Structures are given as structure tokens and as C-alpha cells.
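These notes concern the structure reproduced below.
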Amino acid sequence: MGLFISFEGLDGSGKTTQIAGLAQRLRAVGHDVLLTREPGGTAIGDQIRSILHDVRNAEMTALAEFLLYSASRAQLVRQVIRPHLERGGTVLCDRFADSSIAYQGYGRQLDLDWVRAVTRFVTAGVVPHCTIYLDLPVEIGLARKQAAFAAQQGERNRLDLQPLEFYRRVRDGYLCMARAEPQRWLVIDATQSAEQVQQSIWERLQPMLLEMGEAARP
Ligand code: TMP
């Protein structure tokens with residue numbers, strides 16, 4: 001069985017940059033890295049992603065939203081993630097099931113036990129060995145996103161149109177999950193520069209990789 005690492009964080013936390021940096025470092029030490037993302041990562045998942053992100057779908061209920069994220073995840077786990085792990089590869093995923101617990105559970109306030117139960121069913125025992133959470137105050141994340149939009153970078157999606165309180169609940173949810181499972185979660189201060197974040201991730205990942213018997217060396 002291979003190695004599964006997920007990245008989590010609010011929008012604007014720099015996940016995309018950091019995931020690419022980590023992929024490069026892991027490849028350099030011999031990992032067969034597959035990069036993927038949620039929602040999406042498969043042809044079906046990408047179609048679901050456009051429904052979820054379409055700003056015209058303002059009437060979508062929280063339940064429909066959760067089930068669409070779950071459908072994309074069900075496809076990704078079976079078509080992409082599990083086969084690569086079974087071949088002994090390394091999967092880096094830009095968001096995974098914890099995003100649904102944070103955004104639909106804590107953020108939308110769907111019943112947390114029910115969200116967790118459906119998520120367990122959907123992921124069929126595929127749980128990240130390590131979840132790298134890029135933590136950032138909500139205001140800083142939103143300001144970074146606004147700056148990216150002003151520079152015509154980054155896609156604007158339906159989830160960008162929520163009140164501040166929503167993102168605060170999401171962040172609190174992430175921190176709560178990280179506290180509950182410290183052996184899986186690496187909380188990284190994402191207010192640092194991109195280079196510092198990259199270095200912190202690499203340093204903090206080493207003991208975890210060694211413990212798991214991985215031959216990773218900086
Ligand atoms: P991103 O690709 O820019 O990270 O955008 C994905 C958006 O979808 C982001 O706002 C978080 C949201 N999301 C959820 O609300 N629930 C989920 O389960 C996932 C995977 C993403």
C-alpha cells in the first residue's frame with residue numbers, strides 16, 4: 001500500500017503552490033507521485049465540479065451540495081486514488097473528505113454525525129496517512145483571494161459568495177479536527193512566505209515518513 005497525503009485549508013491558503021512543491025520534492029526522492037484534486041480529478045468529477053462551482057446555482061441546498069461533493073469523491077477514490085495506492089504509489093490530493101466535514105458539516109451546519117457516516121461509506125476505508133492543513137485567519141485568506149481576482153488569477157466559484165461567519169466556522173472546524181487527531185494532521189502556519197511554508201511542511205513530514213518506513217530524504 002502506498003502513501004496518501006491530503007491538503008486542506010481555506011481558499012487563499014496557498015494549497016496549490018504547496019502541493020506542487022511537495023510533489024517535486026517527493027519525486028526527487030523516488031516517489032511515484034500522483035497529483036489530484038477535489039471536487040474533480042476524474043472526467044465525471046470535473047463535470048460535478050462545474051455544477052458545484054457555477055455561481056448561477058445559488059438555489060442549491062446544503063444537502064444537494066454535500067451529496068455532489070460525495071459523488072465526485074466516490075468516483076475519485078475508486079477510479080484514481082485506491083488503484084494508485086494499491087500499486088504502491090504516492091497520492092497528493094488537493095482537498096479530500098475533511099473538506100466536506102469542514103465546509104458542509106461545520107460551515108453549512110449539516111448534522112456532523114450524519115456527514116461523517118456518509119463520508120465513511122463514500123471513502124470505503126481510504127483515509128489519508130497525513131493531512132497537511134494550511135492555517136490562516138479568515139480575513140487574510142479572503143484578502144488574498146480578492147487580490148488574485150483583481151490580478152485575474154484564480155476561478156471565482158459559488159463557495160466564494162458566503163458570509164464571513166461561514167468561513168470562521170469552517171476554520172474552527174478544521175482546527176477542531178486537527179486537535180482530535182494530532183497523529184494524522186500537520187497544522188502549518190500559512191501566514192509565512194511560500195518558501196517558509198514549503199520548508200515547514202518538509203521538515204515536519206520527515207519524521208512521519210520515516211515512521212511509516214518511507215525512504216524520503218531531503
Ligand atoms: P478549490 O478547488 O479552489 O479548493 O475550491 C473548491 C471549493 O469547494 C472550496 O471553496 C471548498 C469547497 N469544497 C466544499 O465545500 N466541500 C468539499 O467537500 C470540497 C472537496 C470542497
Side-chain angles (χ1 to χ4, degrees), residues 4-20 22 35-42 44-58 60-77 79-81 91-112 114-123 126-128 131-136 138 140-149 151-174 177 190:
F4 182 19
I5 301 176
S6 62
F7 274 71
E8 296 288 348
L10 289 171
D11 302 279
S13 59
K15 282 184 291 92
T16 314
T17 309
Q18 296 305 331
I19 210 166
L22 182 61
L35 268 183
T36 190
R37 69 167 178 182
E38 277 207 3
T42 63
I44 291 169
D46 284 338
Q47 292 173 64
I48 296 173
R49 183 183 179 92
S50 14
I51 300 172
L52 278 163
H53 285 188
D54 192 334
V55 288
R56 290 170 304 178
N57 287 334
M60 189 183 293
T61 65
L63 180 56
E65 179 181 283
F66 170 60
L67 293 173
L68 284 169
Y69 281 116
S70 299
S72 170
R73 182 167 304 133
Q75 190 68 27
L76 183 68
V77 164
Q79 190 180 333
V80 174
I81 296 179
V91 175
L92 299 189
C93 197
D94 188 343
R95 301 193 177 281
F96 192 59
D98 298 305
S99 275
S100 277
I101 298 171
Y103 282 78
Q104 280 66 53
Y106 286 93
R108 299 281 194 222
Q109 299 179 301
L110 287 178
D111 183 89
L112 267 176
W114 185 82
V115 168
R116 286 203 175 97
V118 173
T119 297
R120 267 197 302 277
F121 179 62
V122 165
T123 51
V126 175
V127 178
T131 295
I132 297 172
Y133 169 56
L134 302 181
D135 185 49
L136 195 66
V138 169
I140 298 181
L142 292 177
R144 283 189 188 173
K145 258 224 135 167
Q146 285 311 322
F149 292 148
Q152 317 248 302
Q153 292 159 353
E155 69 166 5
R156 203 182 280 273
N157 70 53
R158 204 174 43 83
L159 274 290
D160 293 324
L161 308 171
Q162 308 307 313
L164 204 61
E165 261 325 294
F166 172 83
Y167 301 107
R168 293 219 169 96
R169 286 197 298 272
V170 172
R171 183 186 186 208
D172 290 347
Y174 272 132
M177 286 190 273

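All figures in this text were calculated on a predicted structure; none of them were measured in a lab. Whatever order the structure lists them in is the order used to number ligands and atoms, beginning at 1.
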Ignoring hydrogens and angles, state whether a donor on the side chain of S99 or E8 is under 3.5 Å from an acceptor on the partner side chain.
-> yes

Are R95 and Y103 close enough that a side-chain donor and a side-chain acceptor fall under 3.5 Å?
-> yes

Checking a contact table here: which protein heavy atom is nearest [atom], and how many Å away?
| atom | result |
| --- | --- |
| atom 7 (C) of ligand 1 | H53 NE2, 3.6 Å |
| atom 20 (C) of ligand 1 | E38 OE1, 3.4 Å |
| atom 9 (C) of ligand 1 | D11 OD1, 3.5 Å |
| atom 4 (O) of ligand 1 | R95 NE, 2.7 Å |
| atom 14 (C) of ligand 1 | Y69 CZ, 3.2 Å |

Of the non-hydrogen atoms in [X] and [Y], which two are nearest, and what is the gap between them?
| X | Y | value |
| --- | --- | --- |
| C93 | E38 | SG-CG, 4.3 Å |
| D46 | G40 | OD1-CA, 3.3 Å |
| A190 | S13 | CB-O, 3.8 Å |

Consider ligand 1: state whether an atom of it lies below 4.0 angstrom from any non-hydrogen atom of R73.
-> yes

For ligand 1, which atoms, with element, lie under 4.0 Å from some heavy atom of [X]?
| X | value |
| --- | --- |
| K15 | 4 (O) |
| Q104 | 14 (C), 15 (O), 16 (N), 17 (C), 18 (O) |
| S100 | 17 (C), 18 (O) |

Checking heavy atoms under 4.0 Å, the part of R49 that sits near ligand 1 is side chain

Among R73, R49, Q75, find the residue that satisfies the side chain to side chain contact (heavy atoms under 4.5 Å, CB included) test when tested with P39.
-> R49

Mind checking whether F4 and F96 have ring centres under 6.0 Å apart?
-> yes

